[in-house]
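Comments concern the structure below.
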Amino acid sequence: MTSQSTANTPAADQIRRAPKVLLHDHLDGGLRPGTVVDLAREAGYSSLPETDPDKLGLWFREAADSGSLERYLETFSHTVGVMQTRDALVRVAAECAEDLAADGVVYAEVRYAPEQHLEGGLTLEEVVEAVNEGFRQGERRAREDGHRIRVGALLTAMRHAARALEIAELANRYRDLGVVGFDIAGAEAGYPPTRHLDAFEYLKRENNHFTIHAGEAFGLPSIWQALQWCGADRLGHGVRIIDDIQVRDDGTVELGRLASYVRDKRIPLELCPSSNLQTGAAASYTEHPIGLLRRLHFRATVNTDNRLMSHTSMSQEFEHLVEAFGYTLDDMQWFSVNAMKSAFIPFDERLAMINDVIKPGYAELKSEWLFRQTASTSGSVGLEG
Ligand SMILES: O=c1[nH]cnc2c1ncn2[C@H]1C[C@H](O)[C@@H](CO)O1
Ligand SMILES: [Zn+2]
């Protein structure tokens, strides 16, 4: 099993340079702390718990570290609070694209809920256009810095609210104009995805794509509804599918009907290890279900969820997994190809990313790894790091 092998274990700088694919990242969960402070000052937003960027970054991380999804979500009032103007949205989106690119992410789908950014008088369309403009600016600035990234937006509807159909229609209107799909998010318990069936049925009729946050704070019934009632293409988290997998004392494994369906149908799981530790969905990295799901060849992907609240990045997530499971460059490539296969852009574009960017990127890193090994065993000076 490659995941247990010590072969080609990547060093931190290789993890950062490896081409990574991110499917689950919230725009309002990934601001730079300094930007939150700047935007709050500009907008006269006076409710921030700290105004020093370092202290504020720490505050987000600690406040989100509550063991409960509901408390975790409370921290978003401050980021959403400062994202109410066109300029703020453009800046946040541009910095998001730049930060991801600098971290070696080559393709990202970043989500946000347009309905949460209307307090300053913007329309839903103006919100989408501002964010798109920011992503394009960030892609350009990243390219100038020598990084290549493509960012698509996912429009989220909040599951406790009642605007899902309207947001789904918005996602459809901006399809091919920067928006690649739809999502629902927010507190899971008490707000089943079936409340928004009209939105999902509309998107299916339009041949559009959507993912649903499910199987994070709530277990199998939520996953089952998301797939079998709503028809989700992917599962946001889906980590609790583990509840339908039995590992016996002798090491043999039995999958229940739902877990079998998820694996057989290659349903992508947008797994977010650090976020799960904070909301209590997993106890530690070594105990995180991603280890078993990868071994069983589920369509598992690695994601950040909220870089600010979880004080993380794609590289950081992989560093934790490399340490916990001994993952190699082969494992990283497997996760990245899985994610790219599961993206919502057209098949030919996904294939081009896999063949022209991801595979060559890992091939180069693997040959570099071999060179480092040879250099260190022959006593000569190898590459740094
Ligand atoms: O992990 C999550 N689960 C459910 N909802 C979430 C999670 N992370 C962020 N959100 C919510 C809070 C944001 O304001 C919203 C849109 O990005 O999505
Ligand atoms: Zn999420």
Side-chain angles (χ1 to χ4, degrees), residues 22-31 36 60-61 63-84 88-89 92-93 96 108-119 124 127-128 131 135 151-161 163-164 167 170-171 179 181-193 195-196 210-219 222-223 226 232 234-240 268-282 288 301-312 314 317:
L22 173 54
L23 300 179
H24 191 132
D25 185 82
H26 292 257
L27 185 67
D28 51 330
L31 287 77
V36 182
F60 272 110
R61 184 185 186 174
D65 227 353
S66 59
S68 131
L69 177 60
E70 284 72 13
R71 301 247 311 277
Y72 180 91
L73 293 176
E74 282 167 21
T75 61
F76 285 80
S77 63
H78 298 300
T79 53
V80 169
V82 301
M83 293 168 70
Q84 299 298 335
L89 290 167
V92 170
C96 168
E109 292 181 359
V110 177
R111 63 191 75 194
Y112 63 98
E115 68 198 66
Q116 298 193 124
H117 303 279
L118 306 177
E119 283 163 25
L124 289 171
V127 171
V128 174
V131 173
F135 286 150
V151 183
L154 298 179
L155 301 191
T156 292
M158 299 308 292
R159 53 202 311 155
H160 60 266
R163 299 186 81 155
I167 303 301
L170 188 69
V179 173
F182 174 82
D183 162 55
I184 60 166
E188 199 172 349
Y191 300 104
R195 291 182 79 226
H196 307 290
F210 57 95
T211 176
I212 296 181
H213 275 76
E216 177 188 19
F218 208 67
S222 175
I223 295 178
R234 306 195 307 233
L235 292 170
H237 295 279
V239 62
R240 296 282 300 273
L269 303 172
E270 304 165 357
L271 300 169
C272 310
S274 293
S275 169
N276 291 162
L277 263 54
Q278 288 185 297
T279 60
H288 194 282
T301 69
V302 175
N303 301 275
T304 49
D305 208 10
N306 297 293
R307 287 169 289 119
L308 172 64
M309 286 74 180
S310 297
H311 192 67
T312 194
M314 275 300 268
E317 293 301 303

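Counting convention: from 1, in listed order, for ligands and their atoms alike.
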Item to check | Minimum-distance pair of heavy atoms, taken over all atoms of A217 and R240 | outcome: O-NH1, 3.8 Å
Checklist entry - About how many Å separate CG of L23 and CG of L271, when rounded to the nearest 0.5 Å? => result 10.5 Å
Checklist entry - Parallel under 30°, tilted from 30 to 60°, perpendicular over 60°: which one fits the rings of H213 and H237? => result tilted
Checklist entry - Side chains of I184 and P193: closer than 4.5 Å at any heavy-atom pair? => result yes
Checklist entry - What part of D305 sits under 4.0 Å from ligand 1 if we count only heavy atoms: the side chain, the backbone, both or neither? => result side chain
Next on the checklist: For ligand 1, which is the ligand I care about here, please tell me if T156 has any N or O atom under 3.5 Å from one of the ligand's N or O atoms.
Outcome noted: no
Checklist entry - Within less than 4.0 angstrom of ligand 1, does G186 place any heavy atom? => result yes
Checklist entry - Where the closest heavy atom to atom 10 (N) of ligand 1 is concerned, which of E70, H26, H117 has it? => result H26
Next on the checklist: Test your reading of the model: is there a side-chain donor-acceptor pair from T79 to the backbone of D28, 3.5 Å cut-off?
Outcome noted: yes
Checklist entry - At a 4.0 Å threshold, what atoms of ligand 1 neighbour a non-hydrogen atom of D28? => result 13 (C), 14 (O), 15 (C), 16 (C), 17 (O)
Checklist entry - What are the atoms of ligand 1, with element, lying closer than 4.0 Å to any heavy atom of N306? => result 8 (N), 9 (C)
Item to check | N/O/S atom name from D305 that is nearest to the position of the Zn ion (ligand 2) | outcome: OD1
Checklist entry - Just which atoms of ligand 1 are under 4.0 Å from any heavy atom in H213? => result 2 (C), 3 (N), 4 (C), 7 (C)
Checklist entry - Does an N or O from Q116, backbone or side chain, lie closer than 3.5 Å to an N or O of ligand 1? => result yes
Checklist entry - Looking only at atom types and distance, does a side-chain atom of R159 sit under 3.5 Å from a main-chain N or O of A164, one as donor and one as acceptor? => result no
Checklist outcome for this item: Vertex the Zn ion (ligand 2), ends H24/NE2 and H213/NE2: angle to nearest 10° comes to 90°
Checklist entry - Going through the distances and angles, do E109 and R234 end up as a side-chain contact (heavy atoms from CB on, under 4.5 Å)? => result CA-CA 13 Å; E109 292 181 359; R234 306 195 307 233; 2.9 Å; yes
Checklist entry - Backbone or side chain, does any N or O of S275 fall under 3.5 Å from an N or O of ligand 1? => result no
Next on the checklist: For the 3.5 Å polar cut-off, considering only N or O atoms, please tell me whether E216 and ligand 1 meet it.
Outcome noted: yes
Checklist entry - Is there a donor-acceptor pair under 3.5 Å between the side chain of E70 and the backbone N or O of A187? => result no
Item to check | Proximal heteroatom of H26 relative to the Zn ion (ligand 2) (N/O/S) | outcome: NE2
Checklist entry - Looking only at N/O atoms, are L73 and ligand 1 under 3.5 Å apart anywhere? => result no
Item to check | Short side-chain to backbone donor-acceptor contact, Q84 and L118, under 3.5 Å | outcome: yes
Checklist entry - Relative to ligand 1, is T79 under 4.0 angstrom through side chain, backbone, both or neither, heavy atoms considered? => result neither
Next on the checklist: Can you tell me which portion of E188 lies within the under-4.0 Å heavy-atom range of ligand 1? Options are side chain, backbone, both, or neither.
Outcome noted: neither
Item to check | Distance-only polar pair, side chains of S274 and E317, donor-acceptor under 3.5 Å | outcome: yes
